[in-house]
Amino acid sequence: MNNPYLQQFKEQQLRACQLKQLSILEEIDRICQKHQIDYWLDGGTLLGAVRHGGFIPWDDDIDIAMRQEDLDRFISIAPGELREGLFLQTPQIEPQSKEPIVKVRDLNSFYVEGADNFAADYQKGLYVDIFPMIDYPTLPKPWVKRITLGISKSYSILHKAHYYSLRSFAEFFWFGAKYVLNLCLWKLLCAFRPKNVYLSNILINNGYGIMHRQDCVFPLSTIRFEGKTFSAPANPDAYLSDLYRNYMEIPPKEKQKIHSVFIMPELI
């Protein structure tokens with residue numbers, strides 16, 4: 001059952017949350033400009049820029065994307081460049097988080113999501129998500145969706161908290177085998193199909209089988225977001241259509257929900 005007091009508190013904190021996330025994005029943009037690292041607004045952040053000129057009014061996160069090789073460079077550079085109070089979180093730096101996503105987090109804040117584990121010691125401040133993009137082989141979209149769904153679902157189940165039971169034992173072998181078989185099939189297809197037309201998120205983050213044409217992303221353009229200029233795909237319309245189809249349609253009120261469970265934009 002929803003707690004109306006908690007919901008009202010989150011709504012009161014939302015704008016401060018968004019502005020702090022915007023400041024994180026500005027810092028990422030500064031580092032990328034300095035070191036000539038390509039990135040672009042992604043997902044709901046790009047949608048917000050196109051449809052609302054900034055954040056989707058009920059959105060409480062920021063998504064950007066980079067090619068995998070650019071993200072690798074960012075990971076090597078950012079720890080020495082980020083301003084005080086920001087923290088680069090990766091699966092390697094904080095494996096306790098269990099999330100296969102790179103984030104730049106603000107340490108002077110607290111942001112709780114449904115999957116957060118309070119028993120695990122990892123940073124839980126406001127953040128910007130950075131998704132790694134890789135080249136995809138030229139395949140029918142139903143094939144891509146089936147393989148990526150198999151890989152992402154198997155990965156998620158294999159990396160969730162497990163308890164000793166017959167079911168968890170069976171799940172480990174069933175989804176382990178499914179993950180390996182789908183990954184081997186993907187590598188085989190990559191070896192024999194051209195990879196110069198499409199790109200998308202890494203397989204474990206792409207359960208919907210989304211693919212973007214590379215010529216809809218590059219060369220990068222710019223877009224206004226909250227009165228500031230950031231990098232964007234070359235063709236935002238095609239990019240957003242891949243993600244959301246009729247992306248200009250405002251969802252019904254019952255779906256306009258803040259993602260987080262709890263937001264505290266400032267700790268001290």
Before accepting this row, confirm whether a basic side-chain N of the pair [X]/[Y] lies closer than 4.0 Å to the acidic partner's carboxylate O.
X: Glu226; Y: Arg15; value: yes
X: Glu113; Y: Lys124; value: no
X: Lys10; Y: Asp60; value: no

Distance (rounded to the nearest 0.5 Å) between [X] [atom1] and [Y] [atom2]:
X: Leu240; Y: Asn235; atom1: CG; atom2: CG; value: 9.0 Å
X: Leu46; Y: Arg51; atom1: CG; atom2: CZ; value: 11.5 Å
X: Ile147; Y: Leu185; atom1: CD1; atom2: CG; value: 4.0 Å
X: Leu188; Y: Leu183; atom1: CG; atom2: CG; value: 11.5 Å
X: Phe87; Y: Asn108; atom1: CZ; atom2: CG; value: 15.5 Å
X: Lys103; Y: Leu88; atom1: NZ; atom2: CG; value: 12.0 Å

Would you say [X] has more than 12 foreign heavy atoms packed within less than 6.0 Å of its [atom1]?
X: Glu254; atom1: CD; value: yes
X: Lys178; atom1: NZ; value: yes
X: Arg245; atom1: CZ; value: no
X: Asn246; atom1: CG; value: yes
X: Gln8; atom1: CD; value: no
X: Trp143; atom1: CH2; value: no

Quick one: do [X] and [Y] end up in the same hydrophobic cluster if we chain Ile, Leu, Val, Met, Phe, Trp and Tyr together by side-chain heavy atoms under 4.5 Å apart?
X: Ile134; Y: Ile210; value: no
X: Ile101; Y: Leu82; value: no
X: Ile202; Y: Ile130; value: no
X: Leu199; Y: Leu220; value: yes
X: Phe192; Y: Met211; value: no

Polar side-chain atom of [X] near backbone of [Y] as donor-acceptor pair, under 3.5 Å:
X: Tyr122; Y: Asn117; answer: yes
X: Thr222; Y: Ser231; answer: no
X: Gln96; Y: Asp121; answer: yes
X: Arg213; Y: Cys216; answer: no
X: Ser76; Y: Arg73; answer: yes
X: Glu99; Y: Pro91; answer: no
X: Ser152; Y: Thr148; answer: yes

request  = Evaluate the side chain to side chain contact (heavy atoms under 4.5 Å, CB included) criterion for residues Glu81 and Lys34: first the C-alpha distance (whole Å), next the side-chain angles of each, then the deciding distance (0.1 Å), finally the verdict.
outcome  = CA-CA 10 Å; Glu81 288 272 358; Lys34 178 179 177 180; 3.0 Å; yes
Work out which heavy atom in [X] is nearest to a heavy atom in [Y]; give both atom names and the distance.
X: Gly48; Y: Ile56; result: CA-CG1, 3.8 Å
X: Pro137; Y: Leu189; result: CB-O, 4.2 Å
X: Val128; Y: Gln21; result: CG2-O, 3.7 Å
X: Ala234; Y: Asp215; result: CB-O, 4.3 Å
X: Met248; Y: Val50; result: SD-CG1, 4.3 Å
X: Pro57; Y: Gln18; result: O-NE2, 3.8 Å

Residues [X] and [Y]: side-chain donor-acceptor under 3.5 angstrom:
X: Gln7; Y: Asn3; value: no
X: Gln89; Y: Gln123; value: no
X: Ser97; Y: Arg105; value: no
X: Arg193; Y: Thr138; value: no
X: Gln214; Y: Asp135; value: yes

Audit row: Tyr247, Asp242, side chain to side chain donor-acceptor pair (under 3.5 Å) steps and yes/no = CA-CA 9 Å; Tyr247 63 87; Asp242 291 335; over 6 Å; no
inquiry  = Run the ring-ring contact (aromatic ring centres under 6.0 Å, His included) test on Phe74 and Tyr39 for me, step by step, so that the C-alpha distance in whole Å, both residues' side-chain angles and the decisive distance to 0.1 Å come before the verdict.
reply    = CA-CA 10 Å; Phe74 182 83; Tyr39 79 92; 8.9 Å; no
message = Please evaluate residues Leu25 and Leu41 with respect to the criterion side chain to side chain contact (heavy atoms under 4.5 Å, CB included), reporting the C-alpha separation (whole Å), side-chain torsions for both, the decisive distance (0.1 Å), and the verdict.
response = CA-CA 10 Å; Leu25 177 59; Leu41 300 191; 4.1 Å; yes
message = Gln68 vs Met133, test: side chain to side chain contact (heavy atoms under 4.5 Å, CB included). Steps then yes/no.
response = CA-CA 5 Å; Gln68 180 69 69; Met133 296 287 182; over 6 Å; no
task = Kindly indicate, with the supporting measurements, whether the criterion side chain to side chain contact (heavy atoms under 4.5 Å, CB included) is fulfilled by Leu139 and Trp186.
result = CA-CA 10 Å; Leu139 296 168; Trp186 182 261; 4.3 Å; yes
request  = Determine, step by step, whether Arg30 and Gln33 satisfy the side chain to side chain donor-acceptor pair (under 3.5 Å) criterion, reporting the C-alpha distance in whole Å, the side-chain angles of both residues, the deciding distance to 0.1 Å, and the verdict.
outcome  = CA-CA 5 Å; Arg30 180 191 68 79; Gln33 297 259 13; over 6 Å; no
key: Fellow cluster residues of Ile258, listed by chain then number, with links counted only when side-chain atoms sit under 4.5 Å apart   =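 Members alongside Ile258: Leu14, Tyr111, Leu126, Tyr127, Ile263.
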request  = Taking the six-membered ring for Trp and the full ring for Phe, Tyr or His, determine whether the centres of Tyr179 and Trp174 are under 6.0 Å apart.
outcome  =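 Not under 6.0 Å, so no.
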request  = If a pair satisfies ring-ring contact (aromatic ring centres under 6.0 Å, His included) and one of its residues is in residues 198-226, list it, with sequence neighbours excluded.
outcome  =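 Sorted pair list: Trp40-Phe218, Phe55-Phe225, His212-Tyr239.
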query = Which residues satisfy the side-chain hydrogen bond (donor to acceptor under 3.5 Å, both in side chains) test with Lys20, sequence neighbours excluded?
reply =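 By the side-chain hydrogen bond (donor to acceptor under 3.5 Å, both in side chains) rule, Lys20 matches Asp106, Glu266.
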